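A quick write-up on the structure given underneath.
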Amino acid sequence: MRLLSLAFLITLTAHAELRVLTDFEGGNAEVVKLDQATKVLRIMPKLHEGRGWPCWWFLKLEGLTADEEFTLEVQAQTKPFRDTTVLAAAWCQPKQAWISADGMTWKPSAKGTQSADKVMSYTIKAEAGSISLAWGPPFVPSDAEKLLADIAAKLPESKCFELAKTRDGRPVNGIRIGDENAPHQVWVGSRQHAWEAGGSQVGRGFITWFASDEAKALRAKTCLHYIPIMDVDNAALGAGGKEAVPRDHNRDWAAKPIYPEVAAAQKRIREIHAKHGLDAYIDLHNPGANDPIFFFGPFAFERMTGIQQRNYQRWIELAAANITEPMPVQPKYRFATYVTTDEERGRMSSGWVRANTDDSTISITLETGWNSPLMSVEGYGKVGAGLGRALAAYLSENPRRT
């Protein structure tokens, strides 16, 4: 009887079918084909109509046998995401896929290979019968809630807050660390583009460092306002968010924003600046597939004078000295020249903040390159910690001095 049962189990295992699951927070994949015999799965990012770029993918694959190899193929979504525009394949095809056997620890696959018809193939060895696969190390709204709770438990003087409810009714939460009347005020936010999960990973590294003993002196003189995910709706759905209809979060900083969380952020930033002055606004993003780590600076940088020019120049110098791992930040600003009109520039968060504060405020965007095996959870965390050290050095010089 035991021999028969064992034979039955072996037969059942041998004929187990692969199953693709995406019905979870942040999940996204549209199955193009699944060959059970050859263990080849081809996907493309699912298109969420009106919700921006179809580039993010995140799935669970069940029915595997530990140590067996299978092939994951990723192609671009074939439908246009806006009007007649189809997103280029590079946005959904990282050099490595990211793999997790437990949903928490992520590591890169071997480097993928791209075919002539622009399909990226990754050969992956399963570590368990069920694994998770993603474009990059995910960071979903429940991760944000856990992070905020952990920081609040570590720092009883901190205060969690709800910035707003999204259009779909989800909370956009943040945390304030430090005396609200502190001499220095800083706003750090992530994920105005939902697909850019690395921005939240950098943010996690930053806030973890900010809550550490190393940052004790900084906390004593600084009030930090931190938002781990701005576009919570699209992050929860696994949608891209970038170029959403009628506009994405980072083009919504207008007189009448579409998104409640953007309007709420504008209101809080105005209040902070009116009462205390705002020293720094830092927006965390991921750039193009071949980009390094760099800061987008203000378009008028070359024409700036006085305290404004001094502060922006000093920031990039200190950032270059402190953000060195796992790769160094570029020592000079880049400029978003692809944004060609003053009207659109004014609807970008960094431009809006610059226009609604004063010359001592710096308003910058950190773009952390993602297409590298170095950009693990730990690698992103090192960028965030470096950002924190740069901020500590910058504020120690008192940027408000005349």
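Just so it is clear, the structure is predicted and the values come from calculations on it, not from any experiment.
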Aromatic rings Phe294 and Phe296: how do their planes relate, parallel, tilted or perpendicular, breaks at 30° and 60°?
perpendicular

Just by distance, do the side chain of Ser376 and the backbone of Gly379 share a donor-acceptor pair under 3.5 Å?
yes

Under 3.5 Å, is there a donor-acceptor pair linking the side chains of His225 and Gln185?
yes

Taking all atoms of both residues into account, what is the closest heavy-atom pair of Gly297 and Tyr333, and its distance?
CA-CD2, 3.5 Å

Hey, is Glu317 close enough to Arg314 for a salt bridge, meaning N to O under 4.0 Å?
yes

Between Glu30 and Lys46, does at least one N-O distance fall below 4.0 Å, as a salt bridge requires?
no

Salt bridge check, Arg334 against Asp291: does any charged N sit closer than 4.0 Å to a carboxylate O?
yes

Between Gln192, Glu196, Lys242, which is the residue that forms a side-chain hydrogen bond (donor to acceptor under 3.5 Å, both in side chains) with His285?
Glu196

Nearest heavy-atom approach of Cys55 to Trp135 is O-CD1, 3.7 Å

Stepwise side chain to side chain contact (heavy atoms under 4.5 Å, CB included) check, Leu224 with Leu218:
CA-CA 10 Å; Leu224 171 69; Leu218 177 61; over 6 Å; no

Report the C-alpha separation of Asp102 and Ser100 in whole Å, then their side-chain angles, then the decisive distance to 0.1 Å, and conclude whether the side chain to side chain contact (heavy atoms under 4.5 Å, CB included) test is met.
CA-CA 6 Å; Asp102 60 9; Ser100 178; 3.1 Å; yes

Would you mind checking if Lys146 and Asp150 are paired as a salt bridge, meaning a charged N to carboxylate O distance below 4.0 Å?
yes

Whether the side chain of Asp252 engages the backbone of Pro257 through a donor-acceptor N/O pair (distance < 3.5 Å, no angle test) should be reported.
no

Any donor-acceptor N or O pair under 3.5 Å, side chains Glu243, Trp53
yes

Criterion side chain to side chain contact (heavy atoms under 4.5 Å, CB included) against Ile43, the qualifying member of Leu61, Leu34, Leu59:
Leu59

Between CZ on residue Arg347 and OG1 on residue Thr341, distance to nearest 0.5 Å:
7.0 Å

If you measure from the Lys or Arg side-chain nitrogens to the Asp or Glu carboxylate oxygens, is any gap between Glu69 and Lys39 under 4.0 Å?
no

Decide side chain to side chain contact (heavy atoms under 4.5 Å, CB included) for Thr365 and Asn250; before the verdict, give the C-alpha distance in whole Å, the side-chain angles of both, and the deciding distance to 0.1 Å.
CA-CA 11 Å; Thr365 300; Asn250 205 33; 5.6 Å; no

Step by step, would you call Ser350 with Trp253 a side chain to side chain contact (heavy atoms under 4.5 Å, CB included)?
CA-CA 9 Å; Ser350 58; Trp253 291 63; over 6 Å; no

Strictly distance-based, threshold 3.5 Å: is any side-chain N or O of Gln77 a donor or acceptor partner for the main-chain N or O of Pro45?
yes

When you check the gap from the basic side-chain N to the acidic O, do Glu378 and Lys382 get nearer than 4.0 Å?
no

For Gly26 and Trp56, which heavy atoms make the closest approach, and how far apart are they?
O-NE1, 3.0 Å

Using a 3.5 Å distance criterion without hydrogens, assess whether the side chain of Gln96 forms a donor-acceptor pair with backbone atoms of Gly136.
no

Salt bridge flag under 4.0 Å for residues Arg345 and Asp342:
yes

Rounded to the nearest 0.5 Å, what's the gap from CE on Met375 to CG on Asn286? Could you check?
9.5 Å

Can you find a side-chain donor-acceptor pair between Ser360 and Asp358 that sits under 3.5 Å?
yes

Less than 4.0 Å between a side-chain N and a carboxylate O, is that true for Arg170 and Asp233?
yes

Test item: side-chain donor near acceptor, Tyr380 and Thr368, under 3.5 Å:
no

When you measure from the side chain of Asp279 to the backbone N and O of Thr361, does any donor-acceptor pair fall under 3.5 Å?
no

Pairing of Arg191 and Asp143 as salt bridge, 4.0 angstrom limit:
no

Between atom CG of Asn28 and atom NE2 of His48, what is the distance when rounded to the nearest 0.5 Å?
4.5 Å

Between Arg176 and Phe161, which heavy-atom pair has the shortest distance, and what is it?
N-CE2, 3.7 Å

Assess whether a salt bridge exists between Glu180 and Lys275, defined as any Lys/Arg side-chain N lying under 4.0 Å from an Asp/Glu carboxylate O.
no

Just how far is it from atom OH of Tyr122 to atom CG of Leu72, taken to the nearest 0.5 Å?
7.0 Å

For the backbone of Gly277 and the side chain of Arg400, can you confirm whether one donor and one acceptor N or O come within less than 3.5 Å of each other?
yes

Asp248 and Arg82: salt bridge (charged side-chain N to carboxylate O under 4.0 Å, His left out), yes or no, with the steps?
CA-CA 12 Å; Asp248 69 42; Arg82 189 169 188 171; over 6 Å; no

State whether the side chain of Gln36 and the backbone N or O of Leu18 hold a donor-acceptor pair below 3.5 Å, judged by distance alone.
yes

